[in-house]
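What follows is one structure encoded as structure tokens, with my remarks underneath.
Everything numeric in this text was worked out from a predicted model, so none of it was measured. Letters A, B, ... are given to chains in the order of the sequence lines, protein chains preceding strands, and every chain is numbered from 1.
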Amino acid sequence: MNDTSDDRTALEAVGLGKRYRRGWALRDCTFRIPAGAVCGMVGPNGAGKSTLLGLAAQLLTPTEGTVTVFGRPLDAPGQRARVAFVAQDKPLYQRFTVAEMLRLGRELNPGWNQTAAQRIVDQGELPGDARLGSLSGGQRTRVALALALGKQPDLLILDEPMSDMDPLARHQLMGTLMSEAATNGTTLLMSSHILAELDGTIDHLLLVDAGRIRLAGEVDEILAAHRLVSGADPGEGAADPTAGHTVVETRRIGRQLTALIRPEGELSGALEVSRPTLEELLLSYLRSPQAPTLFTDSARAGHDAAVAA
Amino acid sequence: MIEYRIDRRSGVATYLQIVHQTKQALRLGLLQPGDKLPTAREVVEATAINPNTVLKAYRELDREGLVEPRPGLGTFVRRSLARAEAGADGPLRAELVAWVDRAQRAGLEHEDVAALVASVLEQRFVTGVAAPKREIEGNS
């Protein structure tokens, strides 16, 4: 790995691992997120999502491996200004008012954009003199997002950003985040366990499960690599119609066989073939811990971005 | 200006929903040549979908010759899909209204009529072969 800046790679992890007293929370993570991606990180509770995000934001120190942002280590000069992180518990000064919190953001961040921050606060009709301690969870999330966006980061990392917001606020803020990505090319990395919330929003995916990365890359490419097939179950001993393909999950209900596969060549004519939705695909992987991993080209660490462009 | 409605549960790819809704607006004359489509930023702000999806839809409309990007200005409508024959005051519409009235008097429900129309369309128009553009122009 070299130490030069790389504007095409927002985040790259090589052999990244984190061990707590109870054991490894994350192990052997090697992946890349290209700049400009809207990347969703999904996985079950305790999979290591928050640990991975904490490592990416340099709030945690890796036990092994490295993580770089735009080609440089996070502690290199100027790197802090490029990354914003909204933690799951949204730590804010409870005794500060909304206006004071924004002022703090302005004083601490050289590239501060007051308009961007103020717009998000106004959208939620939050009075500037309200103390943060008196706000609801969703309203505090809004202030935390205002601080993060006011910083105008190149990489914005969000840990379960919308979990405590009502549907309208969620839609508004997701719209704001998307417009941020559209105008400034901000790379977004956000974790969520609400799969439906991510569908249509993200263009890149990281599936974290039991401390490992199982899927990484463009959503379209990952979806296109899979097929949902169903047909009559040939029963024990008979030729398996999915043989020769990479099988993620097989389910047998009555005489019916349903499988999520990665086709390797021609599919048996006896099968009915359809394309899985993102939710179907993710659920299949989560039910099948033994399924092989899949990384698209752009998600591989060390990927030569110039070739892909 | 057009406002897109995105239905995430419809099973139709999001970019195609934008393509279809734009074409529908072009057919109905809600969008005319020279009109500006909303910017990707405006669309994603309102719908919370991924910006690339909007760009993909606009590229598709551009490829079909319906819109053109003008760098720094936005995306503009190049030609309309509105057809005088299909207008609100055209004879074809009047005939169809008369036919639907007859169907209703004959006791057909909304869904019966829709199914009947769909099956006749299926029979008369060979679909899936021609490109969408041809489909529209090829039956005058």
Query raised in the report: What part of A:Asp203 is in contact with chain B, defined as an atom under 4.5 angstrom from a non-hydrogen atom: side chain, backbone, both or neither?
Result: both

Query raised in the report: Would you find more than 12 non-hydrogen atoms of other residues, nucleotides or ligands less than 6.0 Å from B:Glu3 atom CD?
Result: no

Requested in this report: Inspect the surroundings of CZ in B:Arg70 and state if more than 12 heavy atoms from other residues, nucleotides or ligands are less than 6.0 Å away.
Outcome: yes

Report summary line: Between A:Asp199 and B:Arg8 the two heavy atoms that sit nearest each other are O-NH1, 2.8 Å

Report task. Apply side chain to side chain contact (heavy atoms under 4.5 Å, CB included) to the pair B:Asn52 and A:Glu218, showing each step before the final yes or no. Result -> CA-CA 12 Å; B:Asn52 290 327; A:Glu218 292 90 336; over 6 Å; no

Query raised in the report: Picking from B:Ile6, B:Thr53, B:Thr47, which has the most non-hydrogen pairs under 4.5 angstrom with chain A?
Result: B:Thr47

Using residues 92-106 of chain B as the side-chain source, report each donor-acceptor pair under 3.5 Å to any protein atom, sequence neighbours left out, with the distance given to one decimal.
none

Report task. Side chain from CB out, backbone as N, CA, C, O: work out which of these in A:Thr183 comes under 4.5 Å of a heavy atom of chain B, or both, or neither. Result -> side chain

**Report entry** Audit row: A:Thr176, B:Glu45, side chain to side chain contact (heavy atoms under 4.5 Å, CB included) steps and yes/no
**Finding:** CA-CA 6 Å; A:Thr176 305; B:Glu45 181 128 38; 4.3 Å; yes

Query - Contact origin within B:Arg41 toward chain A - heavy atom pairs under 4.5 Å - result: both

Report summary line: Residues pairing under salt bridge (Lys or Arg N to Asp or Glu O under 4.0 Å) where one sits in residues 158-186 of chain A, two or more places apart or in two chains, turn out to be A:Arg170-A:Glu197

Report summary line: For A:Ile202 and B:Asn50 the tightest heavy-atom approach is C-ND2, 3.7 Å

Query raised in the report: Which bit of A:Leu173 is near chain B, if near means a heavy-atom gap under 4.5 Å: side chain, backbone, both or neither?
Result: neither

Query raised in the report: Do you know which two heavy atoms are closest between A:Gly175 and B:Ala48, and how far apart they sit?
Result: N-CB, 3.6 Å

Requested in this report: Please tell me if the side chains of B:Ile49 and A:Met178 come closer than 4.5 Å, counting only heavy atoms from C-beta onward.
Outcome: no

